[in-house]
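The structure under discussion appears below in the form of C-alpha cells.
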Amino acid sequence: MQFRALKGMNDLLPGETERWQRLEAAFRRTMELHGYGEVRTPVLEPLELFVRSTGETSEIVEKQMFELERGGERLALRPEGTPGAARAFIGANQHAREPVTRWYYIGPMFRAEQPQRGRYRQFHQAGCELYGDAGPIVDAEMIGMLVEFLSGLGLEKLDVAVNSLGGPTTRTRYREALLAYLEPRSSQLSEHAQRRLRDNPLRILDSKDPRDRAVVADAPSILDVLEGDDRAHFEGLCRALEALGIPYRVDPGLVRGLDYYTRTLFEIQSTQGELGSQNTLVGGGRYDGMLKSLGGPDLPAIGFALGIERLLLALGDTQVPRPRRCFIAPVGERAMLEGLTLARDLRRSGVIVELDARGGSLKSLLRRASNLGSTICLVLGDAELDRGVVQVKELERHTQADVPRDQVVEHVRAALENGAER
RNA sequence: GUGGCUGUAGCUCAGUGGUAGAGCACUGGAUUGUGGCUCCAGGUGUCGCGGGUUCGAUCCCCGUCAGUCACCCCA
C-alpha cells in the first residue's frame with residue numbers, strides 16, 4: 001500500500017521551496033515597509049464563521065469547503081483568510097488598541113474544487129487586512145503597494161481593474177435596475193445565468209458565456225447609479241490612482257464571488273508566464289460591514305489576497321542561485337572524526353558545510369563535491385592528519401593548498417567571500 | 001461538479017497481443033589519494049491500480065485513481 005498526496009494537494013521539495021522562500025521574504029519586506037504586522041490564525045475555524053462572512057450564497061461556502069465535525073461542532077478548513085483575521089481582530093479587541101490596524105498573513109487555504117493549472121485544493125495566499133480607515137486613499141495605497149511589489153519581482157504585463165459596488169443601498173438599487181433589464185431578456189441568457197437571476201444577479205456580469213456577454217454589454221452600469229458618498233469614494237480612488245501614476249482600467253463588470261464586498265473592488269491579472277485560464281493574481285476589495293456583522297465594532301475594512309502558486313507561475317522558472325558552500329571529503333577512518341569537528345567549526349562561523357561520511361574513494365568524493373556545486377572541497381586524509389593540515393581545494397578555480405588546521409576556518413571564509421558573485 | 005486528453009526507469013519519452021527499451025540523471029571503475037570532459041560497467045520498472053476479453057495483455061474493453069486542459073468558480 002502506497003500513499004499519495006490527496007488530489008489537488010502537493011508536496012514541495014527542496015529545489016522548489018527556495019523560490020517560495022524568496023517570494024515570501026519579498027512579500028514580508030513590502031508589507032513591513034508599509035507598516036503591516038503579521039497575523040497567524042488557525043487553519044481550522046467554525047464553519048459558521050465562513051457562512052456568515054464569505055456568504056451563504058457564495059460558491060465557496062456552498063460547495064467548496066472541506067468540512068469536518070468534532071464533538072458536535074461543525075468545522076471547516078479555511079477557504080480564505082479574511083474571516084479568520086476578522087474573528088481574531090474582534091476577539092482581541094484590536095479596535096480599542098489603535099485606531100487603524102494593518103495586518104498581513106501568508107498561509108495555506110483549502111477549497112474542494114477541480115484542480116487545474118494555477119488552482120489547487122490546498123493553495124497558498126498572501127494577503128492583508130486594513131481596519132479602521134474608510135477613505136479611498138488607503139484603497140489606492142494598497143493597490144499601489146501591490147503594483148510596486150509585483151513589478152519589483154519583475155512582472156511587467158499587469159492589468160489592474162477596479163470597480164465599485166457601492167454601499168448596501170446603491171447595491172440594492174442597482175440590483176433592481178439590473179433585474180429590470182435582464183428579466184425580459186432571460187431567454188437569451190445561458191442556463192447558468194438564468195439560475196443566477198434569482199440568487200445573485202450581479203454575478204451574471206462577469207460570465208464568460210458569449211450569450212451572456214452579448215446581453216450584458218448593454219446592461220446598465222453600476223457606476224451610473226453610484227451616488228453621494230459612494231460616488232465620491234470611487235472618484236477619490238481614481239484620482240489617487242492617477243496621482244500615483246498607476247495604469248488602471250475601470251471595469252463595471254468586475255464582480256467578485258465573495259458576498260461581503262462593498263464599494264471598492266479590484267483585481268490584478270497577468271498575461272505573463274505559464275498561467276492558464278487562471279490568470280487572476282490578486283483579488284481584493286472593501287468590506288465595510290463585515291466586522292459588525294460578525295458581532296464586532298462597526299469599522300470599515302479593506303484587504304486583498306494574492307495567489308502564491310499563480311504568482312510563481314507568472315514569474316516562470318527563475319532559478320534561485322544556491323549559496324556558496326563547502327564540502328568535506330574525509331578519506332579513511334581517522335579522518336571521519338576530524339571531518340566532523342571541522343564541519344562543526346565551519347558552521348559555527350556561518351559556512352554552509354556538507355560532510356560526506358560514507359567513505360569511498362577520494363575520486364568519488366570529489367565527483368560528489370563537484371556535482372553538488374560546492375565552491376570549496378576540504379580533503380582530509382592520513383597525509384593531512386599527520387602534518388596537521390587540511391587540503392583546501394577551490395573547485396572552480398582549480399587551485400589547492402595545504403592550510404594548517406587552526407587556520408582553515410578563516411581561510412575558507414575568506415575564499416568563499418572572495419568570489420561571492422557567480 | 002461536467003467534458004476532452006494523458007498515465008512505461010528518478011526525469012524526458014519510444015515501443016509491441018507473447019511476459020521491456022533510449023537519452024539524461026544516479027552509482028562504481030579506468031595501476032594503489034585528486035572533480036567537472038571522455039570511456040567502460042551497473043540497479044534501474046508491480047509497464048498508475050482493479051477487473052474483463054484472450055492460450056497469453058504493457059498494448060484491446062470497462063471501472064477506478066492521479067495528472068492535465070477547458071467549463072464552473074476563484075487566488
Side-chain angles (χ1 to χ4, degrees), chain A residues 1-10 13 15 54 58-64 78-82 106-127 146 190-193 195-196 200 203 206-210 212 254-258 266-270 274-284 303-314 327 329-332 335 356 358-385 391-400:
Chain A
M1 178 68 201
Q2 240 195 350
F3 293 104
R4 343 169 62 157
L6 295 174
K7 183 195 193 79
M9 304 202 177
N10 304 111
L13 307 179
T54 307
S58 69
E59 189 99 0
I60 291 176
V61 167
E62 273 184 349
K63 43 188 186 188
Q64 298 182 349
R78 62 181 184 192
E80 55 146 345
T82 295
I106 301 177
M109 307 293 162
F110 304 83
R111 292 184 198 171
E113 301 179 89
Q114 198 61 246
Q116 66 185 72
R117 179 180 290 275
R119 187 175 72 188
Y120 306 98
R121 290 188 164 184
Q122 173 172 339
F123 63 106
H124 298 77
Q125 288 186 332
L146 283 162
S190 66
E191 306 73 37
H192 221 85
R195 244 175 296 132
R196 284 268 170 67
N200 205 341
R203 303 304 315 281
D206 65 1
S207 169
K208 284 182 200 162
D209 191 294
D212 300 335
L254 175 60
V255 179
R256 307 201 57 74
L258 284 58
F266 61 91
E267 193 171 276
I268 301 179
Q269 298 195 337
S270 170
E274 298 174 17
L275 288 165
S277 57
Q278 313 299 322
N279 59 353
T280 298
L281 251 33
V282 189
F304 68 79
L306 179 160
I308 296 183
E309 283 85 352
R310 290 187 187 176
L311 182 50
L312 287 169
L313 279 172
F327 186 95
V331 181
D356 192 333
R358 301 173 309 164
S361 68
L362 178 61
K363 174 178 288 204
S364 65
L365 287 167
L366 283 171
R367 179 152 49 197
R368 187 166 155 75
S370 273
N371 290 348
L372 284 171
S374 313
T375 309
I376 286 180
C377 181
L378 302 181
V379 179
L380 265 175
D382 290 341
E384 287 76 18
L385 290 177
Q391 186 181 88
V392 178
K393 292 178 68 72
E394 296 192 46
L395 293 173
E396 289 158 359
R397 299 169 59 189
H398 300 271
T399 61
Q400 63 184 58

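From a predicted model like this one, the values you see are computed outputs, not experimental measurements.
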Residue [X], side-chain heavy atoms: nucleotide from [options] that is nearest:
{"X": "A:Lys7", "options": "B:C73, B:A66, B:C71", "value": "B:A66"}
{"X": "A:Glu384", "options": "B:C72, B:U34, B:G33", "value": "B:G33"}
{"X": "A:Asp382", "options": "B:U68, B:G33, B:C72", "value": "B:G33"}
{"X": "A:Lys393", "options": "B:U34, B:G1, B:C69", "value": "B:U34"}
{"X": "A:Arg117", "options": "B:U34, B:C73, B:C69", "value": "B:C69"}

Subject >> All side chain to side chain contact (heavy atoms under 4.5 Å, CB included) counterparts of A:Ala314, not counting sequence neighbours >> reply: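 Here the qualifying residues are A:Leu155, A:Ser270, A:Leu275, A:Leu281.
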Subject >> Set of residues satisfying side chain to side chain contact (heavy atoms under 4.5 Å, CB included) with respect to A:Asp209, sequence neighbours excluded >> reply: A:Ser190, A:Ser207, A:Arg211, A:Asp212
At 4.0 Å (heavy atoms only), tell me whether [X] reaches a base, stays on the sugar-phosphate, or touches nothing.
{"X": "A:Glu59", "result": "sugar-phosphate"}
{"X": "A:Gln64", "result": "sugar-phosphate"}
{"X": "A:Ala369", "result": "nothing"}
{"X": "A:Gly8", "result": "sugar-phosphate"}
{"X": "A:Gly118", "result": "base"}
{"X": "A:Val282", "result": "sugar-phosphate"}
{"X": "A:Gln269", "result": "nothing"}
{"X": "A:Gly283", "result": "sugar-phosphate"}
{"X": "A:Gln400", "result": "base"}
{"X": "A:Ala383", "result": "base"}
{"X": "A:His124", "result": "nothing"}
{"X": "A:Leu281", "result": "sugar-phosphate"}
{"X": "A:Phe327", "result": "nothing"}
{"X": "A:Lys63", "result": "nothing"}

Subject >> 5'-to-3' dot-bracket of RNA chain B (Watson-Crick, G-U; under 3.5 angstrom; crossing pairs as [ ]; | other strand) >> reply: (((((((..((((.......))))((((((.......))))).)...(((((.......))))))))))))....
Those residues that, when tested against [X], pass side chain to side chain donor-acceptor pair (under 3.5 Å) (two or more places apart):
{"X": "A:Gln125", "value": "none"}
{"X": "A:Glu267", "value": "A:Arg256, A:Gln269"}
{"X": "A:Arg111", "value": "none"}
{"X": "A:Arg368", "value": "A:Asp356"}

**OP:** Only pairs at least two apart or in different chains count here, so list each salt bridge (Lys or Arg N to Asp or Glu O under 4.0 Å) that has a residue in residues 115-124 of chain A.
**Re:** A:Glu113-A:Arg119, A:Arg117-A:Glu274
Original post:
Does a side chain donor of either A:Thr54 or A:Glu80 reach within less than 3.5 Å of an acceptor in the other side chain?
Top reply: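 There is such a pair between these side chains.
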If you measure from the [atom1] atom in [N] to the same atom in [M], how many Å do you get, rounded?
{"N": "B:G21", "M": "B:U58", "atom1": "P", "value": "15 Å"}
{"N": "B:A41", "M": "B:G48", "atom1": "P", "value": "30 Å"}
{"N": "B:A22", "M": "B:C47", "atom1": "C1'", "value": "16 Å"}
{"N": "B:A25", "M": "B:U38", "atom1": "P", "value": "9 Å"}

Each nucleotide N or O in nucleotides 42-44 of chain B that has a protein N or O under 3.5 Å away: list the pair and distance.
none

**OP:** Treat primed atoms plus P, OP1 and OP2 as sugar-phosphate and everything else as base, then score nucleotides 6-13 of chain B 5' to 3': B for base contact with protein heavy atoms under 4.0 Å, S for sugar-phosphate contact only, - for none.
**Re:** --------
Listed pairs, N/O of protein and of nucleotides 24-30 of chain B, under 3.5 Å:
unit_1 : atom_1 : unit_2   : atom_2 : d
B:G29  : OP2    : A:Ser361 : OG     : 3.4

Subject >> A:Arg78 side chain to A:Pro108 backbone, donor-acceptor under 3.5 Å >> reply: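 Such a contact is found between A:Arg78 side chain and A:Pro108 backbone.
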Original post:
Does the base of B:G1 carry an N or O that pairs as donor and acceptor with the side chain of A:Glu62 under 3.5 Å?
Top reply: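 No, the side chain and the base share no sub-3.5 Å donor-acceptor pair.
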**OP:** Would you kindly check whether a donor in the side chain of A:Arg111 faces an acceptor in the base of B:C73, or vice versa, at under 3.5 angstrom?
**Re:**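 Absent.
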Subject >> Close side-chain approach of A:Asn10 to A:Tyr120, heavy-atom, < 4.5 Å >> reply: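 When only atoms from C-beta onward are counted, A:Tyr120 and A:Asn10 do touch, with a gap below 4.5 Å.
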Subject >> For A:Lys7, salt bridge (charged side-chain N to carboxylate O under 4.0 Å, His left out) partners two or more places apart >> reply: none
Subject >> Reported CG-to-NE2 distance for the pair A:Leu311 and A:His124, which is rounded to 0.5 angstrom >> reply: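 Here the interatomic distance stands at 13.5 Å.
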